[in-house]
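We name chains A, B, ... by the order of the sequence lines, and we start the count at 1 in each one.
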Number of protein chains: 2
Amino acid sequence: MTALPVQGALTAPAEDCLKAIYDLERSGQGAAVTTNDLAHRLDLAAASVTGMVKRLADQGLIDHAPYRGVRLTESGRRAALRTLRRHRVIETYLVQVLGFGWDRVHDEAERLEHAASDELVDRMAASLGDPATDPHGAPIPTREGGIAELPAARPLAELAEGERGVVARVEDEDADRLRYLASLGVVPGVEVEVVERAPFGGPVSLRVAGTPRLIGPQLAAQVMVA
Amino acid sequence: MTALPVQGALTAPAEDCLKAIYDLERSGQGAAVTTNDLAHRLDLAAASVTGMVKRLADQGLIDHAPYRGVRLTESGRRAALRTLRRHRVIETYLVQVLGFGWDRVHDEAERLEHAASDELVDRMAASLGDPATDPHGAPIPTREGGIAELPAARPLAELAEGERGVVARVEDEDADRLRYLASLGVVPGVEVEVVERAPFGGPVSLRVAGTPRLIGPQLAAQVMVA
DNA sequence: GGAAAGATTTAGTGTGACCTAAACTATTCT
DNA sequence: AGAATAGTTTAGGTCACACTAAATCTTTCC
């Protein structure tokens, strides 16, 4: 496209790629992010990622060691955080001000984040009282490019029987799964208690704010509790 | 980019082109819109317009008679009005809810209109009480694709000495000119009276809500009064 | 009516972003 | 260590969107 990005000149695919790298660097501890990981995450052919990576490296946003992986540079990290801030502020605004469903905001924000100016995002944030987290419980980077460490939390899937905690965030972008979790009452802030865990990564039986629920292992891995 | 358009699959440049055609069809009465007009309006080389026109014609959005010009089809008109609605709702929202200046919203809306879903736009419109016009006084197309006729109004530049009226809209997209007009108090709704007109399209001396002002001929041509 | 002027289209380039298929590198397994 | 496997890059193709330069069509003006 060429649909033209707001200003500093990054294209939407480039911003998406940086965001994905940022995210994968966070989860995979310290290891360089591989082409394959990115391809899966972005739903692209690996060869396409190689091309994007080359462009980003040319712009000094990432370091690329061929066949070895990719790492954000300082300026790449800043760009990623700027996009992440946009995304999360927009999500929060859509939910809190415009009444979008928790599970519906992701795609909308995914598009708007590439079109909204920093000023717009700052105004949205200000009108929300500069919230620290988005509706899924993820921290919102500040205007200045800082970001709170993810509050310590373990996946629900790893809690032992009898343990209890409060849902800190839900790390999922799939609307169906989010909707399903929301329908069970599993949203940031509610208290959960693990009643029983099937072995070998089976389903988890729990109490969500008192009522008994059963959720599968994949889902349980996305729900972070503190 | 290919920054990816919201859904039905039109790209941002394509939407911009349709909007421009719609607009030019309105102003030039009945005549087909020429490649050159579009090139000027969109700030592109004429050859680039020919290419875009070909793509739009292939999709049945316009009829193109080579060397003769272009006309919107029914479906092209609908697409143009959808984009126009997005644009004007977004502008209105930015001004009324987020406190943007009247003169600053255009560029922001220009980008957002290609990323915002119909649902988002409808929610914005609803939260504004489904306004009929945008901050510049231009009518906002409805959800259903209708649009009010532009209220009858003449350019300020054509009023005779002694005539008075109310500013209906300001047909300009240039932020500097809008800011200047706003600084003179020339915004939709205010009463103006022509005190004196220099001949041969010279400046116009007027009273804006009582206070004397002087504005040049180009600007006066953009200010529509009823 | 024909030639100059002006508008429009065609031809040929370049870039970003995607793809598949083939070549290559690194790792892992015996 | 060498071969199979898995992951990565290169090669080559496509499409949308821009450009300039060259052809072509229309109109307008004697």
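Ion pairing between a basic and an acidic side chain is recognised when a charged N comes within 4.0 Å of a carboxylate O; B:R55 and B:D58 show no such pairing. Remark: B:D23 does not engage B:R26 in a salt bridge, criterion side-chain N to carboxylate O under 4.0 Å. Under the 4.0 Å criterion applied to side-chain N and carboxylate O atoms, A:D130 and A:R143 are assigned as salt-bridge partners. Salt-bridge check for B:D103 with B:R177: failed, with every basic side-chain N at 4.0 Å or more from each acidic carboxylate O.
Residues from residues 33-49 of chain B lying near DNA chain C, meaning a heavy-atom separation below 4.0 Å, are B:T34, B:T35, B:N36, B:A46, B:A47 in numerical order.
Contact of the A:L156 side chain with the A:V186 side chain is not registered, since no non-hydrogen atoms from C-beta on lie closer than 4.5 Å. Side-chain contact between B:H106 and B:L178 is absent, with no heavy atoms from C-beta onward closer than 4.5 Å.
Side-chain N/O atoms of A:K54 include none lying less than 4.0 angstrom from OP1 or OP2 on D:dT9.
Closest to the B:P13 side chain, of the nucleotides C:dT10, D:dA18, C:dA17, is D:dA18.
At whole-Å resolution of the value, CG in A:L56 and P in C:dT15 are 17 Å apart. We find that CE of A:M52 is positioned 14 Å from P of D:dT9, with the value rounded to whole Å. Spacing between atom CZ of B:R55 and atom P of D:dC15 amounts to 12 Å, rounded to whole angstrom units. When rounded to the nearest whole Å, the span between NE2 of B:H64 and P of C:dA7 equals 15 Å. Atom pair A:D16:CG and C:dC18:P shows a separation of 9 Å (rounding to whole Å applied). If you measure from atom CG of B:L18 to atom P of D:dC17, you get 11 Å, rounded to the nearest angstrom.
With respect to B:D118, the salt bridge (charged side-chain N to carboxylate O under 4.0 Å, His left out) criterion is satisfied by exactly one of B:R82, B:R86, B:R85: B:R86.
A donor-acceptor contact closer than 3.5 angstrom is absent between the side chains of A:D134 and A:H87.
For B:E25, the side-chain hydrogen bond (donor to acceptor under 3.5 Å, both in side chains) test picks out no residue, with sequence neighbours left out.
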So which protein nitrogen or oxygen atoms get under 3.5 Å of nucleotides 25-29 of chain C's nitrogens or oxygens?
from	atom 1	to	atom 2	distance (Å)
C:dA26	O3'	A:R68	NH2	3.4
C:dT27	OP1	A:R68	NH2	3.0

